[in-house]
Amino acid sequence: SLSWVDTMADPHVKWDDPRMKNTTAGMYKRVEVDSAPAMKRRRAEDQAAAEARELRNKDRKILAQFKDEKGVTTGPPLELPHDVQPKQLLTLLNKLLKNDDESTPYTFFVDEHEVVKELSTVVDTAGLSTEGVLSIVYQPQAVFKVRAISQCTGTISGHADNIVELVFSPDGKRLATGSGDCTVRFWDIWTQTPKFTCKGHTHWVQCIAWSPDGETLVSGGRDNSIRVWDPATGQPKCKPLINHRQWISWVSWEPLHLSKTPDSRRFASASQDATVKIWDYKSPGNRQVMSFGQHSKGVTCVKWGGEGLLYTAGKDREINVWRVSDGTLCRTLRGHAHWVNTLALNTDYVMRTGPFNERGEIASKDTDLREVARKRYEAVKGDVCERLVSGSEDNTLYLWHGSTDKKPVAPRMVGHQKGVIFTSFSPDGRTIASSSFDKSIKLWNGVSGAFEGSCRGHVGKVYRHTWAPDGRLLVSASEDSTMKLWRIRDQYLLVDLPGHAGSVFACDWAPNGATVASGGADKTLKLWRQ
């Protein structure tokens, strides 16, 4: 058969030629016949290339050197087969480290690419040369593994307005919520019923925070007041703290290992009146210990670091670093072009959980909880300074060594198309997650600030996210009335979690890994489990 083009180009073809019947069909047939040899040639070339690659890799060896996260070498350089996989690398590494029990799992990276299958796959994908010694960086993972949540196991009503904030206790066994109905509620997550309703605020409850020892909860509201509650009784522990002139935007407790007393007593509050105050709720008389007023506009966030420093960020686009012991302003971190919405420290999670381990139990038999908390903190922090990440309305993030330097660790972290509303480090401090009004969650390297990937799937603003205690999973909450469960390794959407009837403003994963809680505009609290 001949196509219409063939007919027009060849004057010897007659119109009544039987080959001219159904020229369109003939065209496709002609193309198919003509392309068959080409397809056969391509298949042959692909097969030859595969055979050549297989022959080349048959005796291919890769000279590699194990290194820890700090760049310290482990053992001598080793000649490894090209098809070695993480399981074999783990066995080999445990032999070098003399780990007889082999209880600690490790992940392996080559040039910041995780080795998931064969080593040669990563080398070829990244275009790395194997002429020299290839560095394989290993990182210890959590020795426990959290099961992925899959369904809503409880819907609890009680609040009369939006649930603005919710937080699990450090042991993961109790839950508190703050709402636009001016109340703070404590919940029994096992019977799925309200336990205490704490009244006292006269406007929205804006923020709540548990003390690291789990014995106290503090709440800040739009009525300019701070209230301290006893979770065991639901009653106030002291009179309202009312020295702020505008509403409270954030509260942060002093890390337990820095406390001068066996229990948690001091916390910091940030307010839209451009001040930050430190309180000791057990001190007699005026419970205000210190006040900082360097910001020129409202303070949006405050973080109490484990090195005795206080980090404050505000609408004046500046981040101030204070030494708590004497109230000195150490340095001011500048770089953002719009107000700073959120701060996070790589040690936030271990300071939040204090002396409690992943099972919600005291991590040591030491009678002084401060010493237990100190050991857990030092294990996460290591021998380097704390890292701070800031997220701004200018769509960017910065990574800082705020305790030692006023310049960012890395160039500006760009990628979001709208303001960054919330950011946090993974429990091990190796990964940063940022939630934005651009409907995405982005992941960054927690040490270098390098971009690692995006979690896309929401069709509304992403207000909040929360990490699984082992750092392998993440849950995000959105304006689109859903939550989503993500696998961090490859940013894969594992489970879509619909159920709310409005925007989801708050979510938290219990430190014991058993439950995820969420709340939002539909005024209901939902509990999610495996």
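For the numbers below, each heavy atom of this structure counts, side chains included, while hydrogens, waters and symmetry mates do not.
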H500 and T482: side chain donor to acceptor below 3.5 Å: no
R287 charged N/C atom sitting above W279 aromatic ring, 6.0 Å / 45°: no
Check D368 with R370, please: is the shortest side-chain N to carboxylate O separation under 4.0 Å? yes
E393 and N341 side chains, donor-acceptor separation under 3.5 Å: yes
Suppose we screen for side-chain hydrogen bond (donor to acceptor under 3.5 Å, both in side chains). Which residues come up paired with N395, at least two apart in sequence or across chains? none
Nearest 0.5 Å, please: how far is CG in L485 from OG in S150? 9.0 Å
Do you see a donor-acceptor pair shorter than 3.5 Å between the side chains of S403 and E307? yes
Test item: side-chain donor near acceptor, D438 and H416, under 3.5 Å: yes
Donor + acceptor pair across side chains of E386, Y377 (<3.5 Å): yes
For R352, is there an ion pair with D508 - N to carboxylate O distance below 4.0 angstrom? yes
Pairwise distance CD(E254) to CE(M351) - rounded to 0.5 angstrom: 11.0 Å
When rounded to the nearest 0.5 Å, the distance separating NZ of K282 from OG of S264 is 9.0 Å
Is there a donor-acceptor contact under 3.5 Å linking the side chains of H295 and T312? yes
Quick check with a 6.0 Å cut-off and a 45 degree axis cone: is K195 positioned over the face of F186's six-membered ring? no
Can R464 and E165 be counted as an ion pair, charged N to O under 4.0 angstrom? yes
Distance only, no hydrogens: is a donor on one side chain within 3.5 Å (strictly under) of an acceptor on the other, for S426 and Y349? no
Side chains of W400 and S390, donor plus acceptor under 3.5 Å: yes
Does one side chain, of S476 or H458, offer a donor that lies under 3.5 Å from an acceptor on the other? yes
Polar side-chain atom of S392 near backbone of W339 as donor-acceptor pair, under 3.5 Å: yes
Would you say the side chains of N243 and Q288 form a donor-acceptor pair under 3.5 Å? yes
Determine, step by step, whether S269 and K277 satisfy the side-chain hydrogen bond (donor to acceptor under 3.5 Å, both in side chains) criterion, reporting the C-alpha distance in whole Å, the side-chain angles of both residues, the deciding distance to 0.1 Å, and the verdict. CA-CA 5 Å; S269 61; K277 299 182 185 297; over 6 Å; no
Do K303 and D348 sit within salt-bridge range, that is, some charged N less than 4.0 Å from a carboxylate O? yes
Checking side-chain polar atoms at under 3.5 Å, does R376 have a donor or acceptor matched by the opposite partner on T353? yes
Side-chain donor-acceptor pair present, W528, T515, cut-off under 3.5 Å: no
Would W322 and N320 count as having a side-chain donor-acceptor pair, cut-off 3.5 Å? no
Looking only at side-chain N and O atoms, does S518 offer a donor or acceptor that is under 3.5 Å from a partner on K526? no
Taking side-chain contact (heavy atoms from CB on, under 4.5 Å) as the criterion, tell me which of W509, W467, W486 meets it with V475. W509
Report the relative orientation of the aromatic rings in H201 and W229; use parallel for angles under 30°, tilted for 30 to 60°, perpendicular for over 60°. tilted
Can you name the closest pair of heavy atoms from D480 and K484 and give their distance? OD2-CE, 4.5 Å
Should the pair R472-D470 be classified as a salt bridge under the 4.0 Å nitrogen-to-oxygen rule? yes
Y106 and F108 aromatic ring geometry - parallel, tilted or perpendicular at 30°/60° bounds: tilted
Check: D223 side chain, T202 main-chain N or O, donor-acceptor pair, under 3.5 Å: yes
Between S436 and K418, is any side-chain donor less than 3.5 angstrom from a side-chain acceptor? no
State whether a side-chain donor-acceptor pair under 3.5 Å links R185 with T197. yes
Pair K381 + E378, salt bridge at N-O below 4.0 Å: no
Is a side-chain donor-acceptor pair under 3.5 Å present for S434 with W444? yes
Using distance alone, with no hydrogens and no angle criterion, decide if K315 and T300 have a side-chain donor and acceptor under 3.5 Å apart. no
